[in-house]
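Notes follow the structure.
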Amino acid sequence: MTFSELEERTPHALPVREISDGVHGDDPDPVAAPASMVIFGITGDLARRKLVPAIYDLARTGRLPAEFDLVGVARDGANLDALLQESVMAHARTAFHPAIWSGLRGRIHLIEGSFDDPSTFARLAVVLDELDRTRTVAGNHVYYLSVPASLFTEVCHGLAAAGLNRSARGWRRVVVEKPFGHDLATSRVLEAQLARVFDPESIYRIDHYLGKETVQNILALRFANGMFEPLWNYRHIDHVQITLAESIGLTGRAGYYDGVGAARDIVQNHLLQLLALIAMEEPVTFDPDGIAREKIKILSATELLGPLDHTTARGQYVAGVYDGQITPGLADEPGFSAQSKTETFAAMTLGVATRRWAGVPFFLRTGKRLARRSTEIAVTFATPAHGSGALRHSPVPNVLVFRVQPEEGIELHIGAKRPGGGMRIEPISLGMDFRSVFDAAPGAYERLIHDVLVGDSTLFPRREEIEWSWKVIDPLLDHWARSDARPQSYGAGSAGPVGADQVMARTGRAWRKL
Ligand code: BG6
């Protein structure tokens, strides 16, 4: 498919809401200004499973700008049309609608070429210029780097050499996917490269967990309600558990995952962001600066609690039984080296050195091929001190659970009297499923791509957040790299390695059941 072939198609009109200039103020759902979005790596896994389906969802719900084009850059774009249609049919949140797809497809352009070839960028510049000339507002470009981090430099260099990185007319925004480096040192190198090419305010670092509606709800629940904040401190909270359990394995991503592992893939970004949202102070303003400032304070006060051999655990899955089926182990994942010490499970204990959180452990765990897909944050309150009587023998800690996925909602565990004689207390739970109350929320990528288009960086981690997060986990990564021990094995479909249970047991606590 070439640009001119595509140009000849007559795109169907996409549904759009009334156009605005993209300046949104307090509008909860602003309309974006005309723009071209370039996806480097449009044939890759992320673009096919998440980005293009999310763009389709935006088109379907009328939230793309009226003048919007998507330019895909790939080494080989054979069958792109069919590939993208399949992706949309399989992964979009909203139902497939042929007219919407055909309207969007007519606005997708392909540049084939390698990222180290200046002519790829020269051809891209021509296409973007053509598109700009058809627009009422020209020069707005988003560059989405959906490529391995090792190619960031090449792509940034190509954009700069073609003069696409900055412009006197319109805005330029670049979206960078994690991993943001391999550790603190490499993330700084990466940031320095980005900073040479793009202005700081045009860099959007994506952590898709922040685009999840339930994650944004953490701040709403904490700060819009009077009952939680007075108890939100070391006097009343015993500990916090943050779990991101996946039932899937490597899903063909061994090439990316081997050498990265669970701590870099999930803890450094998604879990530390969740921790920051749970632990941060109320921001003075709920704008990008206000929220970032408070998250940075928490991340800079977060540290691993040791000794690391007792407070952390790592594992690799072996064959096991999931959902009644024999499920293969890591050794059978194509492309994963049998000698690899890369962990598919990580658990660790962190502390937040602030007055509010003095002495409160934060237990984090994540793993692939676990018993269940579940992401949640459980805040366990201290067990009340009953002086006397029957209550003393049946203490029930209150637990407030933020359920991020798959059942999105909130749950409060409390103790209640069991009917009948005596005063026997049993835990019961009060629960709320967001989907039973609210309309379906946009998907995470849908929300974040829209935010980039309207220039709202609230849900995008800042450079400092990324750096502090590396500072938190780097000592553990070093510790594991130096250790002769291999990650412990755990069966696919289990709750993780025994070492993770021991981490908790040493503190007299237990993980919540998966
Ligand atoms: C990504 C990780 O950031 O998050 C993947 O790279 C992981 O390994 C995914 O599977 C989980 O995201 P979600 O939204 O499916 O929970």
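All ligand and atom numbering here is 1-based and tracks the order in the structure. For the single chain, residues carry numbers from 1 onward in sequence order.
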Do R403 and D433 pass the salt bridge (charged side-chain N to carboxylate O under 4.0 Å, His left out) test, and can you show the C-alpha distance, the side-chain angles, and the key distance before you say yes or no?
CA-CA 9 Å; R403 287 196 326 248; D433 180 348; 5.0 Å; no
Can you tell me the protein heavy atom closest to atom 16 (O) of ligand 1 and the distance?
Y209 OH, 2.4 Å
Are Y56 and Q85 close enough that a side-chain donor and a side-chain acceptor fall under 3.5 Å?
no
Within the distance-only criterion (no hydrogens, no angle test), does the side chain of T366 pair as donor or acceptor with the backbone N or O of L244 below 3.5 angstrom?
yes
Apply the side chain to side chain contact (heavy atoms under 4.5 Å, CB included) test between S247 and each candidate in K368, R369, R372, R373; give the one that qualifies.
R373
Test your reading of the structure: does K178 have an N or O sitting under 3.5 Å from an N or O of ligand 1?
yes
Under the salt bridge (Lys or Arg N to Asp or Glu O under 4.0 Å) test against R205, which residue among E191, E464, E177 passes?
E191
Identify the closest protein heavy atom to atom 8 (O) of ligand 1: which residue and atom is it, and at what distance?
D265 OD2, 2.6 Å
Those atoms of ligand 1 less than 4.0 Å from some heavy atom in K368
5 (C), 7 (C), 8 (O), 10 (O)
Report, one line per pair, each donor and acceptor closer than 3.5 Å where one atom sits in a side chain of residues 492-500; sequence neighbours left out.
unit_1: S494; atom_1: OG; unit_2: G491; atom_2: O; d: 2.7
unit_1: S494; atom_1: OG; unit_2: G496; atom_2: N; d: 3.2

Given R373, Q405, R253, which has its nearest heavy atom closest to atom 5 (C) of ligand 1?
R253
min-distance protein heavy atom vs atom 4 (O) of ligand 1 -> H208 CE1, 3.3 Å
Suppose we measure from atom 9 (C) of ligand 1 to each protein heavy atom; which comes out shortest, and what is that distance?
E246 OE2, 4.0 Å
At under 4.0 Å between heavy atoms, is it the side chain or the backbone of Y257 that contacts ligand 1, or both, or neither?
neither
Within 45° of the ring axis of F336 and under 6.0 Å from its six-membered ring centre, is that where the NZ or CZ of R253 lies?
no
Any idea which protein heavy atom is nearest atom 14 (O) of ligand 1, and the distance to it?
K212 NZ, 2.6 Å
